[in-house]
Amino acid sequence: SETIKQTLDALLRQHVTTPLVALRLIMQEVDCIARRSKLSSSCINYDTTSRITREGLVQLLSENGHEFVPLKEETELVLYFESFSSKGRYWKRDIQGHRFVKTELNDILEHKKTDLVLIDGEPGAGKTCLLLSVLEELGKNNDIFPIFIQTREFDSQNFEATTLEFIQNIARMSEIKQVTLLVDSLDVLSISRDSHALGIFLSLLHRAQKLHNVTVIAACRTFDVKYDSRLSAVDWSHVVSIANLDFARDVLPFLNSIGVSSEAVEESQKGLLSIPRMLSMYVDIHQKGGGSKAITAQELAENYLHSVVLGD
């Protein structure tokens, strides 16, 4: 009856996330055993004595995106996640006060309810800036709770110790609002000396993906997604590839606005300066009263070292 259902829901809510969905799974399992239907796909915890074991029930609920965690207040959860989201989010996102708007932002926002989204691109293309822009936009929506994780800011061993609590708290928050987990710099973990680090965060992504009302958006270099087998094996629901800036439309008008004439840029440099990070370095050199004819990232970095770093 409805009264029994409400009572069971109230009891489950104290221990399990999304209890109504969990209750339906349990009832399906009970029905499966009652019908002695061993061939039913839902009857995964059927044993020879026609019982549902505790271990089997835990497995059933866990595999279907439920976490066993006590009820928590929203204020407690917000404070908990602030300690994570505050790390690594203060990133330079403008060049001489100008912020380039990435057209890929709208694509990502349109997929804000997709399970697992990847942002990929070349080094310096603006993956972190785009991820932070997504964080900003989602933060304006009172029905969405975004969480930002800058992976390079965390010690993998310490984070691994908190992974269970982290996932459980996401599960509880997802009962209150839609949760979007933003994870940056997977490529840094890919090349890290700590070979265990990437596995920890990928495990976090996969577990979060299973939760109800949760979206995961991760950023990584294209090279690592393609050639690191751990990343290439991930089944991304949607991929957003960041393009470099358009030189004629984006870069040239900006350079003119800060006093760099089009004649100062050679044709062979246009591709390099269409990469946001390279453009930022080029502009810093210009602001120091110098110039650069670099056509590779290495040459520009050497010019930057001599003109800006050593010049100070």
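Any value given below was found using the heavy atoms of this structure, including those in side chains, with hydrogens, waters and symmetry copies removed.
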Requested in this report: Look at the aromatic rings of H98 and F100 and report parallel, tilted or perpendicular, splitting at 30° and 60°.
Outcome: perpendicular
Indicate every side-chain donor-acceptor pair of residues 201-208 with a distance under 3.5 Å to a residue at least two apart or in another chain.
unit_1 : atom_1 : unit_2 : atom_2 : d
R207   : NE     : E67    : OE2    : 3.2
R207   : NH2    : E67    : OE1    : 3.0
R207   : NH2    : E67    : OE2    : 3.4

Query raised in the report: Of all heavy-atom pairs between L25 and L60, which one has the smallest distance, and what is that distance?
Result: O-CD2, 3.9 Å
Report summary line: Given the options I242, V240, L132, K127 meets side-chain contact (heavy atoms from CB on, under 4.5 Å) only with I242
Report task. With rounding to the nearest 0.5 Å, note down the distance linking CD1 in I119 to CG in L186. Result -> 10.5 Å
Query raised in the report: Is a salt bridge present between E136 and R93, judged by a nitrogen-to-oxygen distance below 4.0 Å?
Result: yes
Report task. Over all heavy atoms of both residues, which pair between I149 and F84 is shortest? Give the atoms and the distance, please. Result -> CD1-CB, 3.7 Å
Query raised in the report: Distance from L109 atom CG to L138 atom CG, nearest 0.5 Å?
Result: 6.0 Å
Report task. Please confirm whether the backbone N or O of I295 pairs with a side-chain atom of E299, one donor and one acceptor, at under 3.5 Å? Result -> yes
Query raised in the report: Side chains of E122 and T222: closer than 4.5 Å at any heavy-atom pair?
Result: yes
Report task. For the pair K210 and E63, evaluate salt bridge (charged side-chain N to carboxylate O under 4.0 Å, His left out) and give the outcome as yes or no after the intermediate values. Result -> CA-CA 8 Å; K210 290 183 179 180; E63 289 179 350; over 6 Å; no
Report summary line: Here the gap from I167 atom CD1 to L181 atom CG, rounded to the nearest 0.5 Å, amounts to 7.5 Å
Query raised in the report: Is there a donor in the side chain of H212 and an acceptor in the side chain of E175, or the other way round, less than 3.5 Å apart?
Result: no
Query raised in the report: Could you walk me through whether S274 and N244 pass the side-chain hydrogen bond (donor to acceptor under 3.5 Å, both in side chains) check?
Result: CA-CA 6 Å; S274 296; N244 290 332; over 6 Å; no
Report task. Take F81 and F166 through the ring pair (Phe, Tyr, Trp, His ring centres under 6.0 Å) test and state the conclusion after the steps. Result -> CA-CA 8 Å; F81 287 118; F166 189 86; 5.5 Å; yes
Query - Distance-only donor-acceptor check, side chains Q59 and E55, under 3.5 Å - result: no
Query - Minimal non-hydrogen separation, S185 against Q150, with atom names - result: OG-OE1, 2.7 Å
Query raised in the report: Can you find a heavy atom in the side chain of L255 that is under 4.5 Å from one in the side chain of L279?
Result: yes
Requested in this report: Tell me whether L130 is reachable from L135 by hopping between hydrophobic residues (I, L, V, M, F, W, Y) whose side-chain heavy atoms are closer than 4.5 Å.
Outcome: yes
**Report entry** Expected output: side-chain S62 to main-chain V58 donor-acceptor under 3.5 Å
**Finding:** yes
Query raised in the report: Is it the case that one hydrophobic cluster holds both L12 and F68, taking links as side-chain heavy atoms less than 4.5 Å apart, direct or via other members?
Result: yes
Requested in this report: State whether a side-chain donor-acceptor pair under 3.5 Å links N213 with S174.
Outcome: no
Query raised in the report: Can a donor-acceptor pair be found between the side chains of R99 and S133 at a distance below 3.5 Å?
Result: no
Report task. Would you name the heavy atoms of A248 and P253 that are closest together and state the gap between them? Result -> O-CD, 3.3 Å
**Report entry** Heavy-atom pair with the smallest gap, counting every atom of K92 and C129
**Finding:** O-SG, 3.8 Å
Requested in this report: For residues R172 and E74, determine if any side-chain heavy atom of one lies less than 4.5 Å from a side-chain heavy atom of the other.
Outcome: no
Query raised in the report: Is a side-chain donor-acceptor pair under 3.5 Å present for D115 with H238?
Result: no
Query raised in the report: Do the non-hydrogen side-chain atoms of P70 and H15 ever get within less than 4.5 Å of each other?
Result: no
Query raised in the report: Where the side chain of Q96 meets the backbone of V283, is there a donor-acceptor pair that is under 3.5 Å apart?
Result: no
Query raised in the report: With Y282, which of V260, N303, I95 fulfils side-chain contact (heavy atoms from CB on, under 4.5 Å)?
Result: V260
Query raised in the report: OH of Y227: more than 12 outside heavy atoms within 6.0 angstrom?
Result: no
Query - I147 side chain near T180 side chain, heavy-atom distance below 4.5 Å - result: no
Query raised in the report: Going only through I, L, V, M, F, W and Y residues with side-chain contacts under 4.5 Å, is there a path from V239 to I217?
Result: no
Query raised in the report: Any side-chain donor paired with an acceptor under 3.5 Å for D120 and S241?
Result: yes
Report summary line: Residues M278 and A297: closest non-hydrogen pair is SD-CB, 3.7 Å
Report task. Could you state whether I200 and L164 fall into the same hydrophobic cluster, counting links through intermediate Ile, Leu, Val, Met, Phe, Trp or Tyr residues with side-chain heavy atoms under 4.5 angstrom apart? Result -> no
Query raised in the report: Between L300 and L305, is there a shared hydrophobic cluster once you connect ILVMFWY residues whose side-chain heavy atoms come closer than 4.5 Å?
Result: yes
Query - Heavy-atom check, side chain of V251 versus side chain of F254, under 4.5 Å - result: no
